[in-house]
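In this chain, numbering begins with 1 at the start of the sequence shown. Both counts, for ligands and for their atoms, begin at 1 and track the order of listing. Since this is a predicted model, take the numbers as computed values, not measurements.
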Amino acid sequence: MHPTPEYAQRRQTFLSKLGQGTAIVRSAGFATMHNDVEYNFRQDSNFYYLTGFNEDDAVAVFAPHHGEHRFVLFVQKKDPEKETWTGYRVGVDAAKEEYGADIVYPIEELGQHLFKYVEKADKLYYHFGEDEAFNKRIVGLFQRSIRHYERKGTGPLCLEDISTVLAPLRLHKSEAEIGLMRKAVEIAAEAHNWAIANRQPGLYEYELQAEMERLFRLRGGMGIAYPSIVAAGANSCILHYVENNAQMQDGELLLIDAGCCYGYYNSDITRTYPVGNKFTEEQRILYELVLKAQLAAIEQIKPEAPWNGFHDAAVGVIVDGLMELGLLAGDRAEIIKEEKYKPFFMHGTGHWLGLDVHDVGARKTGETWHNFAPGQVITAEPGIYIRPDFKPFEGQPEVDARWRGIGIRIEDDVLVTPSGNEVLTVAVPKVVEAMER
Ligand code: GLY
Ligand code: MN
Ligand code: MN
């Protein structure tokens with residue numbers, strides 16, 4: 001499988017952007033579930049993006065200025081006894097063969113070899129991550145390189161977060177990446193459509209969660225992209241509700257925010273609809289408003305459009321709608337400027353999506369918003385949430401009881417294309433008629 005041209009191509013591009021710098025990327029480690037039991041291993045996204053290598057305790061070094069070794073891997077040695085307990089290791093020899101490194105060392109020899117890939121560099125690229133001991137090691141390496149510079153005249157005097165180089169590459173998805181995201185979307189869409197077809201009063205939230213997550217694995221996904229939110233009634237007003245243990249009642253809304261991870265790439269989909277057959281009057285009014293806001297937002301996701309445009313579009317529609325309903329009052333411009341709508345709509349309209357659910361990539365530089373460009377994938381997910389104990393913005397109207405306990409979010413995954421955008425999650429319906437029965 002490795003080295004695939006895809007990974008080689010990514011490294012080629014990455015190396016070409018490093019100039020005289022050296023980049024060091026640390027693998028993920030195992031996170032503890034409890035005592036000596038660990039969660040499933042999940043590789044660090046930067047590490048995976050550049051190597052496809054899927055083990056812990058590894059380090060990748062990129063040194064474009066080094067004559068022979070531009071891509072160096074440090075990995076765990078093969079150890080049949082340990083592998084019996086913790087699983088197969090690729091090992092030093094096969095890592096070189098299969099993952100395209102110019103040279104591979106056992107991880108134990110990191111201290112012995114690392115500095116020679118740093119001493120001629122003018123900059124050190126690294127991202128301070130979860131591994132505190134390794135972070136410290138990099139600080140030590142950097143201090144050593146400063147001393148080296150003082151004596152020998154070479155070595156990085158500058159330490160820069162790797163995201164300045166890597167995030168723009170990860171932000172722009174290749175055809176292969178988009179293919180994996182389509183698959184992640186396809187599986188999650190099937191699961192959402194199953195929930196839409198099978199929800200009914202009397203079921204528990206976790207019953208829908210269980211079947212959806214079963215499908216994520218059954219269809220070959222790695223599992224959930226993030227903890228699934230299956231929230232009925234007033235639970236829908238809690239943005240990160242994950243208990244999913246309430247019994248669903250007729251007359252309530254059901255908000256499901258669930259996505260699948262496939263081949264390390266994620267989907268992120270939310271739909272909201274009645275637990276029973278029909279929206280109540282208030283639910284339908286607010287649902288149509290959120291849908292209108294979402295469609296307006298999606299329209300602003302296109303090449304050359306500034307990043308903030310889609311959020312501003314959603315806010316504009318939601319403010320107009322809430323003013324019309326008498327839930328917001330006063331001067332429209334002031335409501336927006338002072339964010340008086342925020343008690344109803346308190347989160348952003350979307351985020352980059354990819355290897356991470358909240359994927360890397362800058363949205364603005366200084367005061368200037370970046371423009372969308374083809375190959376980017378972003379979510380569009382406006383919402384309105386009116387908790388039972390809703391408190392309006394100071395000076396704004398009290399909200400009548402009939403609106404309370406309603407939480408609505410509609411979330412799609414949107415690919416920026418040369419001519420505009422493609423809603424990847426189009427297989428899950430969202431018009432009112434499709435959500436009712
Ligand atoms: N489900 C995570 C999010 O929507 O951002
Ligand atoms: Mn999202
Ligand atoms: Mn979501």
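- Ring to ring, Y287 and Y273 are not that close: their centroids are 6.0 angstrom or more apart.
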Side-chain donor-acceptor pairs of residues 251-262 under 3.5 Å, sequence neighbours excluded:
residue, atom, partner, partner atom, Å
E252, OE1, Q249, N, 2.9
D257, OD1, Y226, OH, 2.5
D257, OD1, T270, OG1, 3.3
D257, OD2, T270, OG1, 3.3
D257, OD2, R409, NH2, 2.9

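- With ring centers used as reference points, F345 lies under 6.0 Å from H311.
- Under the 3.5 Å distance criterion, the side-chain polar atoms of E205 are matched with a main-chain donor or acceptor of A232.
- Take F62 and apply the ring-ring contact (aromatic ring centres under 6.0 Å, His included) test, not counting sequence neighbours, and it matches F14, F71.
- Partner of Y264 under the ring-ring contact (aromatic ring centres under 6.0 Å, His included) criterion, out of F47, Y49, Y48: Y48 alone.
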List, for ligand 1, each N/O atom that has a protein N/O partner under 3.5 Å away, with both atom names and the distance.
residue, atom, partner, partner atom, Å
ligand 1, 1 (N), D257, OD1, 3.3
ligand 1, 1 (N), D257, OD2, 3.2
ligand 1, 1 (N), D268, OD1, 3.3
ligand 1, 4 (O), D257, OD2, 3.4
ligand 1, 4 (O), D268, OD1, 3.4
ligand 1, 4 (O), D268, OD2, 3.2
ligand 1, 4 (O), E381, OE1, 3.1
ligand 1, 4 (O), E411, OE1, 3.4
ligand 1, 4 (O), E411, OE2, 3.3
ligand 1, 5 (O), H351, NE2, 3.0
ligand 1, 5 (O), H358, NE2, 2.7

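- Atom CD in E207 sits 11.0 Å away from atom CG in N198 (nearest 0.5 Å).
- Between W369 and W307, the two ring planes are parallel [angle under 30°; tilted spans 30° to 60°].
- Judged by a 6.0 Å distance limit and a 45° cone about the ring axis, R10 is positioned over the six-membered ring of Y7.
- Listed by chain and number, the protein N, O or S atoms at a distance under 2.8 Å from the Mn ion (ligand 2) are D268 OD2, H351 NE2, E381 OE2, E411 OE2.
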